[in-house]
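Order of the sequence lines sets the chain letters (A, B, ...), proteins ahead of strands, with each chain counted from 1.
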Amino acid sequence: MAKNKKQNKKELADMEENFPQWYTDVISKTEMVDYSPVKGFMVIRPYGYAIWENIQKEFDKRFKATGHQNMYFPLLIPKSMLEKEAEHVEGFAPEVAWVTKGGDKELNEPLAVRPTSETIICSMYAKWLHSYRQLPFLYNQWCSVVRWEKTTRPFLRTSEFLWQEGHTLHETAEEAQAETMQMLNIYREVAEEVLAIPMLTGRKSDKEKFAGADATYTIEALMHDGQALQSGTSHNLGQHFTKAFEIQYLDRNNEQSYPYHTSWGVSSRLIGGLIMVHGDENGLVLPPKIAPVQIVIIPVAQHKEGVLDKAYELKKILEQNYRVELDDSDNSPGWKFNQWEMKGVPIRLEIGPRDIENGQAVLARRDTSEKITVALDEVGTQAGDLLDAIQKNLFEKALKMREEKTSSAENMDEFQEKLAENPGFIKAMWCGDRACEDQIKEQTGASLRAVPFDEEQEIIGDGTCVCCGKPAEKVAWFARAY
RNA sequence: CGAGGUGUAGCGCAGUCUGGUAGCGCACAUGGUUUGGGACCAUGGGGCCGAAGGUUCGAAUCCUUUCACCUCGACCA
């Protein structure tokens, strides 16, 4: 019996020893996803999809508040259209899935399953835009895209993934840049304030930027195992696509002009980040603002008179303000505790005969496993305070973890040493040369994640490039990445 | 695409070396006793042993081919 107990407890792999296995265990045991019959494609189950819906809501309301509207473009893109912007096609060609037949008839022109929608959207923008009076174009779409990946992992890299892609046109380069930054800031805000994940923000190197962009900006998070996760990108596309697609309009001077273009996206990959930043040895830990269930009520000795009635009464009160679930299945309380902990529910409310007698209930928080006893008429307010505290604590914990896993290096030996003994971000001066970036990647496995913005810039050591030793102006953050 | 590994009940596995009635744990179903950190007893259902071919009186087990998945590397949100 004791042996069985032990085996049951071992449901999740040890996260320090085998993090990938822990991750796989968590997402499948919590019923977030399952593998589908098609390689690399996953099924998102209700618990996982509920998280995605909450993420969508948070972003969508901010997109709308900044003047964007949603629209929807087709799944398929003609081959010739995808090929109009040279860098773009070169970047995406290796991972495009093609439709070549309709029924049993060969198509005249193969159709790409969209890997991203710049091209088809631009082709339509070219038809719609005539005058500067119509600008800016501020549109977004929620959809899925397909990229034929060689190795896949649920949420982090799958052949199809859910995302949103914003595509905007502007009169001036300045406006496009402002839009690019505005959206990056929204990404950061949602990531930090809602998902409780601290983000490094900055610019991508030319090597890492989007195929066809002038500049790519990124939010980068650090996972529990010290690997970075690119969590969202905002691109200033300049006039690459608008020229390639001949999007022209009559400007204020009555002359034909090309608008400036941006695109930006976050994906269901964020869910992977959520899991790998906050999760612990007991499974998921979800920030209250995103958790599908914020409070789970677990009746104890529910067969006893009055217990379930009281539990339902509490549910009715709590669900006016919170997302609440009552587990009245006939599993044992202990089993339920573990089950809902694994699912990451922020607060558990225990109510049993003893509590009812004393006019109280027990609240247990997922992040610290503290338990407090509260009077029944204060459960609502106390739970609210707790949820706020948990939200805050998760962010602070994640920030502390990132700080502990961030080092700086002045030369390559130090770089390798520090990355080996404390995997995470390495801050190092970088001269800006592609050759140095390549060499760092090759020697250490770490890629350049971002060059932080000026206000977060600093000088490491004597200010020379960590790789070639030549004078360098900027510090860059490196890490191994998902 | 390189290097390793694994396919046996829904899940996790044993059995394969040495061929001979397909098993264990969990989960599931029914009944009962339980319930404040993964309860217990009893009974029961569930299998083309990844697929195809071969050797053999007989194949989960031996041989050949093939497919799928996983882990680690190179490419990518």
Novice: Nearest whole Å is fine: how far is rG36(B) P from L349(A) CG?
Specialist: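 Computing the L349(A):CG to rG36(B):P distance gives 17 Å.
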Novice: Using both distances under 3.5 Å as the test, list the Watson-Crick or G-U wobble partner of rA59(B), or none.
Specialist: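 Pairing partner: none.
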Novice: Using 4.0 Å as the upper bound for N to carboxylate O, is an ion pair formed by E118(A) and K84(A)?
Specialist: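 No, this pair does not count.
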Novice: My understanding is that only one of H167(A), H235(A), H88(A) makes a ring-ring contact (aromatic ring centres under 6.0 Å, His included) with F241(A); could you say which?
Specialist: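 When ring-ring contact (aromatic ring centres under 6.0 Å, His included) is applied between F241(A) and each of H167(A), H235(A), H88(A), only H88(A) qualifies.
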Novice: Both distances below 3.5 Å, Watson-Crick or wobble geometry, any strand: find the nucleotide opposite rG44(B).
Specialist: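 In the structure as shown, rG44(B) has rC28(B) as its Watson-Crick or wobble partner.
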Novice: Give the rounded distance in Å between these two atoms: CD of E165(A) and P of rA77(B).
Specialist: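 So the CD-P distance, E165(A) to rA77(B), works out to 14 Å.
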Novice: If you check every side-chain atom of W335(A), which of rG36(B), rG38(B), rA77(B) has the closest atom?
Specialist: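 Shortest atom-to-atom distance from the side chain points to rG38(B).
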Novice: I want to verify a distance call: between rG37(B), rA77(B), rU71(B), whose nearest atom is closest to the T24(A) side chain?
Specialist: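 My answer, after comparing the listed nucleotides, is rU71(B).
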Novice: To the side chain of P353(A), which of rA77(B), rC75(B), rG36(B) is closest?
Specialist: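 Between rA77(B), rC75(B), rG36(B), the one nearest the side chain of P353(A) would be rG36(B).
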Novice: Nearest-nucleotide wise, let me know which of V362(A) and A481(A) is further upstream toward the 5' end of RNA chain B.
Specialist: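 The residue mapped nearer the 5' terminus is V362(A).
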Novice: Using atom P in both nucleotides, what's the gap between rA29(B) and rG10(B) to the nearest angstrom?
Specialist: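 The same atom, P, in both gives a distance of 16 Å.
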Novice: Has S332(A) got a side-chain N or O lying under 4.0 Å from the OP1 or OP2 atom of rA39(B)?
Specialist: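 Checking S332(A) against rA39(B): at least one side-chain N or O falls below 4.0 Å of OP1 or OP2.
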Novice: Among rA77(B), rG37(B), rG36(B), which is the nearest nucleotide to the side chain of R269(A)?
Specialist: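 My answer, after comparing the listed nucleotides, is rA77(B).
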Novice: Using the ring of W477(A) (Phe, Tyr or Trp, six-membered ring only), decide whether R402(A) places NZ or CZ under 6.0 Å from its centre and within 45 degrees of its axis.
Specialist: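 That pair does not qualify as a cation-pi contact.
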Novice: Under a 3.5 Å cut-off for both distances, is rC1(B) Watson-Crick or wobble paired, and to whom?
Specialist: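 Answer to the pairing question: rG73(B), which forms a Watson-Crick or G-U pair with rC1(B).
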Novice: Picking from rG36(B), rU35(B), rG38(B), which would you name as closest to the side chain of A301(A)?
Specialist: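 For A301(A), the side-chain atoms sit closest to rU35(B).
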Novice: Checking Q164(A) side chain against V266(A) main chain: does a donor-acceptor pair fall under 3.5 Å?
Specialist: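 A pair under 3.5 Å: yes.
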Novice: When you measure from the centre of the six-membered ring of F161(A), is the NZ or CZ of R269(A) under 6.0 Å away and within 45° of the axis?
Specialist: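 Because its charged atom misses either the 6.0 Å distance or the 45° angle limit, R269(A) does not stack over F161(A).
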Novice: In the structure shown, which nucleotide is the Watson-Crick or G-U wobble counterpart of rA51(B), with both distances under 3.5 Å?
Specialist: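 rU65(B) is the nucleotide pairing with rA51(B).
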Novice: In whole Å, what is the span from the CG atom of N331(A) to the C1' atom of rC26(B)?
Specialist: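 Interatomic distance, CG of N331(A) to C1' of rC26(B): 13 Å.
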Novice: Please report the distance separating the C1' of rG53(B) from the corresponding atom of rU18(B), rounded so that it comes out in whole Å.
Specialist: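 Nearest-Å result for rG53(B) against rU18(B) at atom C1': 25 Å.
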Novice: If we call it a pair only when both distances are under 3.5 Å in a Watson-Crick or G-U wobble match, what pairs with rG19(B)?
Specialist: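 Its partner: none found.
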Novice: I'd like to check, for F337(A), whether its ring lies over the base of rG38(B) with centroids under 5.5 Å apart and a plane angle smaller than 30°.
Specialist: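 So F337(A) does not count as stacking on the base.
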Novice: When you get a sec, tell me which of rA77(B), rU35(B), rG38(B) is the closest nucleotide to the side chain of N338(A)?
Specialist: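 Nearest listed nucleotide: rG38(B).
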Novice: Rounded to whole Å, how long is the line connecting atom NZ of K371(A) with atom C1' of rG36(B)?
Specialist: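 In whole Å, rG36(B) C1' and K371(A) NZ are 6 Å from each other.
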Novice: State which of rG36(B), rA77(B), rU35(B) makes the closest approach to the side chain of E149(A).
Specialist: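 Ranking rG36(B), rA77(B), rU35(B) by closest atom to the E149(A) side chain puts rA77(B) first.
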Novice: Return the nearest nucleotide to the side chain of V300(A); candidates are rA77(B), rC75(B), rU35(B).
Specialist: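 For V300(A), the side-chain atoms sit closest to rU35(B).
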Novice: What I want to find out is whether E350(A) reaches K371(A) closely enough, with some N-O distance under 4.0 Å, to be called a salt bridge.
Specialist: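 A salt bridge links E350(A) with K371(A).
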Novice: Can you tell me how far C1' of rA77(B) sits from CE of M183(A), to the nearest Å?
Specialist: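 After rounding, the reported distance stands at 17 Å.
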Novice: OP1 or OP2 of rA77(B) less than 4.0 angstrom from a side-chain nitrogen or oxygen of K204(A), does that happen here?
Specialist: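 Checking K204(A) against rA77(B): no side-chain N or O falls below 4.0 Å of OP1 or OP2.
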